[in-house]
Amino acid sequence: MIKIVDDRHRELWLARAPRRVVSLVPSDTETIFALGAGDRLIARTDYCVEPAGSVDGIPTVGGTKNPDVDRIVELAPDLVLANQEENARAPLERLARAGIAVLVAFPRRAGDALAHVARIARALGVEREPAATRLLRRGYAALRAAEAQAASARPLRVFAPIWLDPLMTFCGDTYASDVLRLAGAVNVFSDRTRRYPLAADLGNAAPADPGERDVRYPRVTLDEVRARAPDVVLLPDEPYAFGPADADRFAALGVPAVPCDGKDLFWHGARTVDAVERLGAQVAALRAAGAPA
C-alpha cells in the first residue's frame, strides 16, 4: 500500500503504484513526463499542452474547470491529479464519490512545488528512478542557489498583472509571488489582498467579511499600481495573453512593460526547476539595463 497525503490533508491509500492516471492540471501533466512516467497518462485536459508533441496522442476530457466526469469514470483511472486552485470543486467531489482516488495539490511556494513533484513520484512508485532523483536533486540545488542570490541582491520592484479587464494581480501568499522573490524581484502587491465586494476591491466601498473566499488575487486600478511605484511591469502570456499592444496601457506609469513567460511564473512542478533561473536571468538583465532597483 502507498499512503499519500494531499494538500487538503486527506489520506489517499493506493493498493499499488497507479498505471492509469488522469491529469486535470497542465503542470502536473508536464511533471509526469519529466518523471519518466508519461506512459501512465490515459487522459488530460485541453490545456495540458506540455511537453509539446509528447501529449498529442493522449485523449482530452475537457477543460480544467469543466472536465467530463462521466468520461473520466468510464476510463477507470487509478489516480486523478487535481489542483485546488485550477479545478472546480464540484467535479472533483463527483469523482471522489465515484470511488476514484483524487490527489489535490495547492502549492503556494516554490519549495511546495518541488515537494509536490516528490509526492507524485512517490505515488507513481518512481521516486528511486534516475529521472526522478536527478530532477529533484537539481530542483533543490536551484532553489538553494536562488535563495542565496536573492539575499545578496537588491530586489527589482515588479508589478505582474494576471488579467486586464478587470486588472488583476496576486498577493504574496501565492506560488508566483514566491517565484518572483527567488528570481530577485519583489511583488509590489505582496501585502494587498482581494476585498469583497468589487466596489471595496477598487476602493469605493467598505470591505465586507470575505468568509472562506479566496483573497489572494486582488483587482486593482492603474492609479493604485502607480502609487506602488514598480520599477518594471512584467506581462505574462497566460492566463491572460498580454501582448505588445497591452504594454501601451501601462505607458502612463512611466516604467518599462516587458513580456515574460507565464508558464515559468505560474506552472508549478518540474518546470519550477529551471523557471526560477530563467526568470532570475530576466530580472538581472532588466536591472543591468537600467531599471531602477
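Just the heavy atoms: all of them, side chains too, but no hydrogens, waters or symmetry mates, feed the values below.
Of all heavy-atom pairs between Ala131 and Gly36, the closest is CB-N, 4.4 Å. Listed here is the closest heavy atom pair of Met168 and Tyr217: CE-O, 3.7 Å. Between Pro155 and Ala185 the shortest heavy-atom distance is CB-C, 4.1 Å. Between Pro107 and Ala113 the shortest heavy-atom distance is CB-N, 3.9 Å. For the residue pair Thr174 and Phe170, the shortest heavy atom distance occurs at OG1-CD1, 3.5 Å. The minimum heavy-atom distance linking Ala110 with Leu182 is given by the pair CB-CD1, 3.5 Å.
Under the 3.5 Å distance criterion, the side-chain polar atoms of Asp7 are matched with a main-chain donor or acceptor of Phe106. Between the side chain of Arg278 and the backbone N or O of Asp261 there is no donor-acceptor pair closer than 3.5 Å. Of the possible polar contacts, one joining the Glu50 side chain to the Ala52 backbone as a donor-acceptor pair under 3.5 Å is found. The closest donor-acceptor contact from the side chain of Lys3 to the backbone of Leu12 lies at 3.5 Å or more, if one exists at all. In this structure, Thr31 contributes its side chain and Ser27 its backbone to a donor-acceptor pair below 3.5 Å. Side-chain atoms of Arg195 do not come within 3.5 Å of backbone N or O of Pro207 as any donor-acceptor pair. Side chain of Asp201 to backbone of Arg219: a donor-acceptor contact under 3.5 angstrom is found.
In this structure the side chain of Asn87 never reaches within 4.5 angstrom of the side chain of Thr45, judged on heavy atoms. Side-chain contact check for Arg181 versus Glu147: some heavy-atom pair is nearer than 4.5 Å. Counting heavy atoms from C-beta outward, Phe159 and Phe250 have side chains that approach closer than 4.5 Å. The shortest side-chain heavy-atom distance between Val273 and Val117 does not fall under the 4.5 Å cut-off. Using a 4.5 Å heavy-atom cutoff, the side chains of Asp178 and Arg108 are not in contact. Residues Arg213 and Arg194 have side chains not in contact (no heavy-atom distance under 4.5 Å, counting atoms from C-beta outward). Counting only heavy atoms from C-beta outward, the side chains of Leu235 and Pro244 never approach each other to under 4.5 Å. With a 4.5 Å cut-off on side-chain heavy atoms, Lys263 and Pro26 do not count as touching.
Between Arg216 atom CZ and Cys171 atom SG the span is 6.5 Å, to the nearest 0.5 Å. Rounding to the nearest 0.5 Å places CG of Leu180 at 10.0 Å from CG of Leu156. Distance CD1/Ile32 to CG/Leu81: 4.5 Å, rounded to 0.5 Å. Summarising the geometry, atom CG belonging to Leu265 is positioned 9.5 Å from atom CD belonging to Gln282; distances are rounded to the nearest 0.5 Å. Within the model, atoms OG1 of Thr64 and CD of Glu85 stand 11.0 Å from one another, a figure rounded to the nearest 0.5 Å. Residue Asp237 holds its CG atom at 7.0 Å from SG of Cys260, rounded to the nearest 0.5 Å.
Hydrophobic cluster membership of Leu198, counting Ile, Leu, Val, Met, Phe, Trp and Tyr whose side-chain heavy atoms lie under 4.5 Å apart directly or via other members: Leu202. Here Tyr196 sits in one hydrophobic cluster together with Val215; the rule is ILVMFWY side chains under 4.5 Å apart, joined directly or through other members. Residue Ile100 is found in a hydrophobic cluster whose other members, listed by chain and number, are Val22, Leu24, Ile42, Val61, Val69, Ile72, Val73, Leu75, Val80, Leu92, Leu95, Val102, Val104; membership requires side-chain heavy atoms under 4.5 Å apart, directly or through intermediates.
Partners of Asp246 under the side chain to side chain donor-acceptor pair (under 3.5 Å) rule, at least two apart in sequence or in another chain, do not exist in this structure. For Arg40, there are no side chain to side chain donor-acceptor pair (under 3.5 Å) partners at least two apart in sequence or on another chain. Remark: His116 engages no residue in a ring pair (Phe, Tyr, Trp, His ring centres under 6.0 Å) (not counting sequence neighbours).
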- Should His268 and Asn83 be marked as a side-chain contact (heavy atoms from CB on, under 4.5 Å) after you check the CA-CA gap, both sets of side-chain angles, and the distance that decides it? CA-CA 11 Å; His268 46 74; Asn83 180 273; 3.4 Å; yes
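Taking 4.0 Å as the cut-off between side-chain N and carboxylate O, Arg20 and Asp39 do not count as a salt-bridged pair. Look at Asp112 and Arg119 and you find no salt bridge, because none of the NZ, NE, NH1 or NH2 atoms lies under 4.0 Å from a carboxylate O. We find that Glu224 and Arg192 are joined by a salt bridge, their nearest charged nitrogen and carboxylate oxygen being less than 4.0 Å apart. Look at Arg71 and Glu74 and you find a salt bridge, because one of the NZ, NE, NH1 or NH2 atoms lies within 4.0 Å of a carboxylate O, short of that distance.
Other residues, nucleotides and ligands place more than 12 heavy atoms under 6.0 Å from the OH atom of Tyr175. The environment of CZ in Arg16 is sparse: at most 12 heavy-atom neighbours from other residues, nucleotides or ligands sit within 6.0 Å.
Under the 4.5 Å side-chain heavy-atom criterion for ILVMFWY residues, a single connected hydrophobic cluster contains both Val255 and Leu164. In this structure, Leu79 is not a member of the same hydrophobic cluster as Val25, with clusters built from ILVMFWY side-chain heavy atoms closer than 4.5 Å. One hydrophobic cluster holds both Ile162 and Tyr240 under the rule that ILVMFWY side chains link at heavy-atom gaps under 4.5 Å. The cluster map of Ile, Leu, Val, Met, Phe, Trp and Tyr, joined by side-chain heavy atoms under 4.5 Å apart, puts Val276 and Val258 in the same cluster. Residues Leu143 and Val179 are members of one and the same hydrophobic cluster, defined by side-chain heavy-atom contacts under 4.5 angstrom among Ile, Leu, Val, Met, Phe, Trp and Tyr.
Of the candidates Asn187, Thr169, Asp191, Arg228 forms a side chain to side chain donor-acceptor pair (under 3.5 Å) with just one, namely Asp191.
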